[in-house]
Colleague: 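Please see the structure below; I have some questions.
The chains referred to below are lettered A, B, ... by the order of the sequence lines, with proteins before strands, and numbering in each begins at 1. Values reported hereafter were calculated over all heavy atoms of this structure, with side chains retained and with hydrogens, waters and symmetry mates removed.
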2 protein chains.
Amino acid sequence: MSGGGTGETNRGTRTKSGEGRHDALANALAGAIQAGALAPGEWLKQIDIEQRYAAKRMDVRRALDRLVQKRLVMHQPNRGYHVVKPDGRLAQEIRDVRVILETGAVDAIVARVRDEDVAQMQRLAQRFDALLPGGTIIDLHDANIAFHGRLLGLCGNPELVLLVEELRGRIPSAGAGQWQKRSRIEQSNREHFAMVEALAARDAGALRTLIRAHILQQQEEEPAPVGHSRPAER
Amino acid sequence: MSGGGTGETNRGTRTKSGEGRHDALANALAGAIQAGALAPGEWLKQIDIEQRYAAKRMDVRRALDRLVQKRLVMHQPNRGYHVVKPDGRLAQEIRDVRVILETGAVDAIVARVRDEDVAQMQRLAQRFDALLPGGTIIDLHDANIAFHGRLLGLCGNPELVLLVEELRGRIPSAGAGQWQKRSRIEQSNREHFAMVEALAARDAGALRTLIRAHILQQQEEEPAPVGHSRPAER
DNA sequence: ATGTGAAAAATTGGCGCCAATACAGATGCC
DNA sequence: GGCATCTGTATTGGCGCCAATTTTTCACAT
């Protein structure tokens, strides 16, 4: 594996913490994959993970199996596990699903939102804005996640929030690349405030339009990334 | 267990077949849970599963872990795995998500549907209708699944179809109970034909209304099923 | 030098055993 | 007679080892 840090950040911290050691390892690996520390197509050798994360073999295998279920890695019998290569078509499908889910939740959001919720969303948007000049990309990413997670949470359906989180985590390697463009981040920042404004006005239509644009904007430009180490070739 | 044979039927055959033994076992267990063969709250003893399905201990553990991830069973350390008790609130949330997803896919469906697709949907609706008098509940269930799966598939987003399948599988114990009512099955049958009609007319609004009603109709009447063996008490 | 073959090293996958823990029943005490 | 405790048992969970398979290396022949 490439030059990942020691603790591998575990910045995700998603779901509920404290299920087991294997769960923590799976989250750490998932974070490493989405952060780009583990390249697409790279083989995940059990021994390397075992040594790198100081984990037992069983936990490694369990974590890898969990990542297979999350569709973040693929498994070939007697060959091993490898990171899935980014599939533009799959990513587009997942984005479309996200659009449906998040715009579909708008009605419930607008119906249930209170003034204090609007104020909190305003605060979250401002937090992202404050992090814009000096914050790291990871900080911005987390602030963005917090904003959208809280916004979605207003619909009162925790399952929907969890589902969208899971979907976001399944977009392969899209987490790092698209955020590097400065102009795009600023665009996102503006859209955040526009969303808060639409939320304050209880304007469901405007909020839908904004969310759709916000999600669909995150497409990668290059449709065919060449020169990847393909794991399927043998 | 109901009238399952030796191999426990594996009637679902969902997702893609042939990942491994543990995957087949997980699917079999999931089917047993949804069919009501394994009662809510019941403890899933590894030895019983091992003997019942003639599986190795490792496969049992892997399958159970997979079901934990699917949220069909819960795990308490050093205590074991038990079937989740049906949570009406959770089921309602999942139903709401399904409504959002399936109605959200209607636009794409109407935009992409061809006449031959309409004809096929008509055929699937007739298949359900033909099974209505003499077919078993499982047959009806499968025909219903086929109808909705094919309808959703018309939107051209395989990920969305997979997601809805997964969601449907996560509605706890709702699969068997509500289908026992004859009038409800006939109502569903009528709605199938109404959906095909709306599909033929490319009437997105009507299709949305029908799908919403079709999903939301499947609520359980009894909000508090008493007398279950609660696994949390200790 | 290059392609072919086999041997060797590395990696994965399976399986069984044993300790840790929880459950049940019996026993003793109040 | 009821209750607490103790012992026996069943079940879970962890750990390591070994076989099966793959990948690499290396020698050899063309």
Side-chain angles (χ1 to χ4, degrees), chain A residues 1-2 4 16-29 32-33 38-39 41-70 72-84 228-234, chain B residues 16-29 32-33 38-39 41-70 72-85 228-234:
Chain A
M1 45 189 83
S2 62
K16 52 202 81 104
S17 60
E19 241 289 323
R21 257 83 68 204
H22 50 90
D23 214 47
L25 179 57
N27 282 352
L29 285 173
I33 290 175
L38 299 174
E42 182 175 348
W43 285 99
L44 264 39
K45 285 192 274 196
Q46 297 181 2
I47 296 182
D48 289 344
I49 301 174
E50 182 178 338
Q51 294 176 352
R52 187 85 206 80
Y53 293 87
K56 308 299 179 193
R57 185 67 142 269
M58 185 188 54
D59 292 323
V60 172
R61 223 195 288 183
R62 189 86 51 119
L64 285 174
D65 192 58
R66 192 158 285 206
L67 293 185
V68 167
Q69 248 191 298
K70 280 185 182 173
L72 278 170
V73 307
M74 277 189 127
H75 174 56
Q76 287 177 248
N78 289 342
R79 292 255 297 161
Y81 301 82
H82 63 84
V83 183
V84 293
H228 275 129
S229 63
R230 292 171 302 171
E233 66 184 355
R234 51 179 306 175
Chain B
K16 50 198 82 95
S17 60
E19 242 287 325
R21 257 102 57 212
H22 50 90
D23 215 46
L25 180 57
N27 283 353
L29 286 174
I33 289 175
L38 298 175
E42 183 175 348
W43 285 99
L44 265 38
K45 284 192 272 195
Q46 297 180 2
I47 295 183
D48 290 343
I49 301 173
E50 183 178 336
Q51 294 176 352
R52 183 82 197 78
Y53 294 88
K56 308 299 177 195
R57 185 67 143 270
M58 185 189 53
D59 292 323
V60 173
R61 224 197 285 187
R62 190 98 41 129
L64 285 174
D65 194 57
R66 191 157 285 207
L67 293 185
V68 167
Q69 245 190 302
K70 281 185 181 172
L72 278 170
V73 306
M74 278 190 127
H75 175 55
Q76 287 177 246
N78 288 347
R79 291 258 295 165
Y81 300 83
H82 63 83
V83 183
V84 294
K85 58 180 179 185
H228 275 130
S229 62
R230 294 170 302 171
E233 65 184 357
R234 51 180 306 173

Colleague: Starting at CG of A:Asp59 and ending at C1' of D:dC15, how long is that distance when rounded to a whole Å?
Modeller: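 In whole Å, D:dC15 C1' and A:Asp59 CG are 11 Å from each other.
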Colleague: What's the CD-C1' distance between B:Glu50 and C:dG16, to the nearest Å?
Modeller: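 That distance rounds to 11 Å.
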Colleague: Between A:Arg61 and A:Gln46, do the side chains contain an N or O donor and an N or O acceptor separated by less than 3.5 Å?
Modeller: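 Per modelled atom types, A:Arg61 and A:Gln46 side chains form no pair under 3.5 Å.
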Colleague: Minimum heavy-atom separation for B:Leu29 to B:Ala63, with atom names?
Modeller: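 Smallest interatomic distance, heavy atoms only, reads CD1-CB, 4.4 Å.
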Colleague: Do you know which two heavy atoms are closest between A:Leu25 and A:Ala55, and how far apart they sit?
Modeller: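 That closest heavy-atom pairing would be CD2-CB, 4.0 Å.
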Colleague: So which protein N/O to nucleotides 6-12 of chain C N/O distances come out below 3.5 Å?
Modeller:
from, atom 1, to, atom 2, distance (Å)
C:dT12, OP1, A:Gln46, N, 2.9

Colleague: Measure the distance from CD1 on B:Ile49 to C1' on D:dA10 and round it to the nearest whole Å.
Modeller: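 Taking atom C1' of D:dA10 as the reference, CD1 of B:Ile49 is at 16 Å.
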Colleague: Looking at CD of B:Gln69 and CG of B:Leu64, how far apart are the two atoms once the value is rounded to the nearest 0.5 Å?
Modeller: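 With rounding to 0.5 Å, CD (B:Gln69) is 13.0 Å from CG (B:Leu64).
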Colleague: For B:Ala39, is there any backbone N or O sitting under 3.5 Å from a side-chain donor or acceptor partner on B:Glu42?
Modeller: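 Yes; judged by distance alone, with no hydrogens or angles, the pair exists.
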Colleague: Between A:His22 (NE2) and D:dG13 (C1'), how many Å, whole number?
Modeller: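 Whole-Å distance recorded here is 10 Å.
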Colleague: Please report the closest heavy-atom contact between B:Val68 and B:Met74, naming both atoms and the distance.
Modeller: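 Closest approach of B:Val68 to B:Met74: CG2-C, 4.5 Å.
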Colleague: B:His22 and side chain to side chain contact (heavy atoms under 4.5 Å, CB included): which single residue from B:Lys56, B:Met58, B:Arg62 fits?
Modeller: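 Exactly one option meets the side chain to side chain contact (heavy atoms under 4.5 Å, CB included) with B:His22, and it is B:Arg62.
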Colleague: Any ion pair linking B:Arg66 and A:Asp65 (charged N to carboxylate O, less than 4.0 Å)?
Modeller: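 Result for this pair is yes, salt bridge flagged.
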Colleague: What is the distance, to the nearest angstrom, from the CH2 atom on B:Trp43 to the P atom on D:dA10?
Modeller: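 Computing the B:Trp43:CH2 to D:dA10:P distance gives 19 Å.
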Colleague: Whole-Å distance between C:dC17 P and B:Lys56 NZ?
Modeller: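 My rounded result for the distance is 13 Å.
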Colleague: Any residue in residues 60-67 of chain B with a heavy atom nearer than 4.0 angstrom to DNA chain D? Just list them by number, or reply none.
Modeller: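 Output list: B:Arg61.
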